[in-house]
There are 2 protein chains.
Amino acid sequence: MAHTSKKKIRASHQDTRGLILKTGLNLFTTRGYFNTSIHDIRAEADISIGSIYHYFKGKEAIAKALYDDLVNSMNKEITDIISTNDSVRECSRALVHYLFSMTDNSPITTEFMLHAKHREFMPDEPPFCSTEPFEMIKALVERGIAQGEIREMDSIVATTCLFGPAFRYILLHLDGTVKGPLEPYVDAIWSTSWRGVKQ
Amino acid sequence: MAHTSKKKIRASHQDTRGLILKTGLNLFTTRGYFNTSIHDIRAEADISIGSIYHYFKGKEAIAKALYDDLVNSMNKEITDIISTNDSVRECSRALVHYLFSMTDNSPITTEFMLHAKHREFMPDEPPFCSTEPFEMIKALVERGIAQGEIREMDSIVATTCLFGPAFRYILLHLDGTVKGPLEPYVDAIWSTSWRGVKQ
DNA sequence: GTCTATATAGTGATAGAC
DNA sequence: GTCTATCACTATATAGAC
C-alpha cells in the first residue's frame, strides 16, 4: 500500500531539471549554499541522487545554471525598463520599483541574486556588480550626466548614490530588519536618492 | 607588586590565540568561511591542530570570537564619533570617513564585518544590521529628524538614504569593481547623500 | 531517466604523549 | 601548551541495475 503514493507527488512537474533548480534555489538561499548538500536537495525534491547527476555535473553546476538564468532574466527586464522610459529620472524610478517588486514577489530569487556571495561557490565567475545588468545601469547614469539631468560627478559615485539606498533597503528587508512589503517605499527611497544627484 | 613582563617563549608570536584569530580572519575573508578548514588555518599559522583546539572550542568559536571583537571595536569607534561631533551633519560625514578609512586600512576586517553572511556560519547570531553600531546610527538619524536637520521622513528610509551609498561603495570596492583608496571619495559620496536627506 | 549502493576524499573534532 | 596520530562522520561524485 505504501507503494501506491510513490508517483503522485510528481504529477505537478514533468520537468525534473526544473524541479532540481527550484529546490536548489530554495535551499541555497534559505540555508546557504554550503549548508545545503546534494542529499538535501535530493530529499527535498523527493528524487534520487542519480537523477540530479543526470541533469547536472554537480552541485556547483546547479548554482551556475540558476545564476545564469537569473542574470539573463534581470538583464531582459532592465533592458526593457530602460528602453521604455525616456528620461533618466523616470528610468531610475522604474528600476527601483522593479527591484522592490521583485523582492516582494520572489524574495528568494532576489536574495540569491543580490545578497549571495557567488564567488565563494562559483570561483570563476566575475563579481556580480560587473555583470551586464549593472553595466547598463551605469551607462544610464552616464547618459544622465551627459544630458544634464544629473549633476556633473564621477559616474560610479552617481550610480552608487542613486541606487545604493535601494539596494541597501532590500538588504535590510532580506535580513529581516525591515518588515512588510517594500513597494510602498519606492517613492520615499527613490525621490530622496534622486534629490541627491539631480541637477 | 613585582611586575614581570609576559613570557615569550616564541619570539615571533607570544600570543598563539591572537595568531589563530588573525589567520582565521584572513582565510575566512579571502576564501570564505566554508572554504576554509581547521587544517587550512593550522597550516597557514604553522601551528598544530591541538593548539587550535586548546584555545577554541571549534571552528565556529573562532569566527564568533572575531565577530564579537570587531563588533565591540566598531561600537566604541562609532560611539566616539557620535559623541565628539555636534551636528548630525558632521557626525554622518565623520562616520562615512571612518568606514572608508577602515576599508582602506583593513579591507579584510571590513569585508568580514560588512559583507560576510554571518548567519550562515553563526546561526544563533542576530543579523548584523540589528547590532548596536547600527542601532546607534539609526538613533542619530532620528535625532537629526527631531531637531530639523533632516527632513521629516521614515527614519529607516532616511538612514538608508544617508548611509546606503557609502555601504554600497565599500561593497563595490571589496568586490574589486572600484579600485584605489576610498578616502578621496568621502566627500563626493557623503555630500550627495546628505543633499538627499537634509532639510 | 531514474534508481540504489558504494567509492573516495576531506571535514571537524578527540586522545594522549611530551 | 603544543604536538602527532587518528577518529567518526559527511560530502561529492560514480557505477551499474532496471
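First the proteins, then the strands, lettered A, B, ... as listed; each starts at 1. These values consider heavy atoms only, across backbone and side chains, with no hydrogens, waters or symmetry-generated copies.
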OH/Tyr185(A): more than 12 non-hydrogen atoms of other groups inside 6.0 Å: no
Candidate nucleotides dA13(D), dT2(C), dC3(D), ranked by approach to the side chain of His54(A) - the nearest: dT2(C)
Asp80(A)/Lys76(A) salt bridge by N-O under 4.0 Å criterion: no
Spacing between Phe56(A) atom CZ and dT12(D) atom C1', to the nearest angstrom: 16 Å
Cation over ring face, Lys64(A) and Phe56(A), 6.0 Å, 45°: no
Cation over ring face, Lys59(A) and Tyr33(A), 6.0 Å, 45°: yes
Sugar-phosphate, base or nothing in reach of Ser37(A), heavy atoms under 4.0 Å: sugar-phosphate
Asn35(A) CG to dT12(D) P, straight-line distance once rounded to whole Å: 11 Å
Side-chain N,O (Ser48(B)) to OP1/OP2 (dG1(D)) below 4.0 Å: no
Thr23(B) and Glu44(B) side chains, donor-acceptor separation under 3.5 Å: no
Nucleotide nearest Tyr55(B) (side chain, heavy atoms from C-beta), chosen from dT2(D), dT12(D), dG12(C): dT2(D)
For atom NZ of Lys57(A) and atom P of dT12(D), their distance in whole Å: 14 Å
Ile52(B) CD1 - dG1(D) C1' separation (whole Å): 13 Å
Touch class at under 4.0 angstrom, heavy-atom based, for Gly50(A) against every strand present: base
Ile49(B) CD1 to dT4(D) P, straight-line distance once rounded to whole Å: 10 Å
Presence of Thr16(A) side-chain N/O under 4.0 Å of dT2(C) phosphate oxygens OP1/OP2: yes
Nucleotide nearest Ser51(A) (side chain, heavy atoms from C-beta), chosen from dA13(D), dC3(C), dA5(D): dC3(C)
Atom-to-atom span, CZ of Arg42(A) to P of dA5(C) - whole angstrom: 12 Å
Separation of atom CG in Leu19(A) from atom P in dT2(C), rounded to whole Å: 10 Å
Side chain of Tyr53(B) - closest among dT14(D), dG12(C), dG1(C): dG12(C)
Protein-nucleotide distance (Leu27(A), atom CG; dT12(D), atom P), rounded to Å: 12 Å
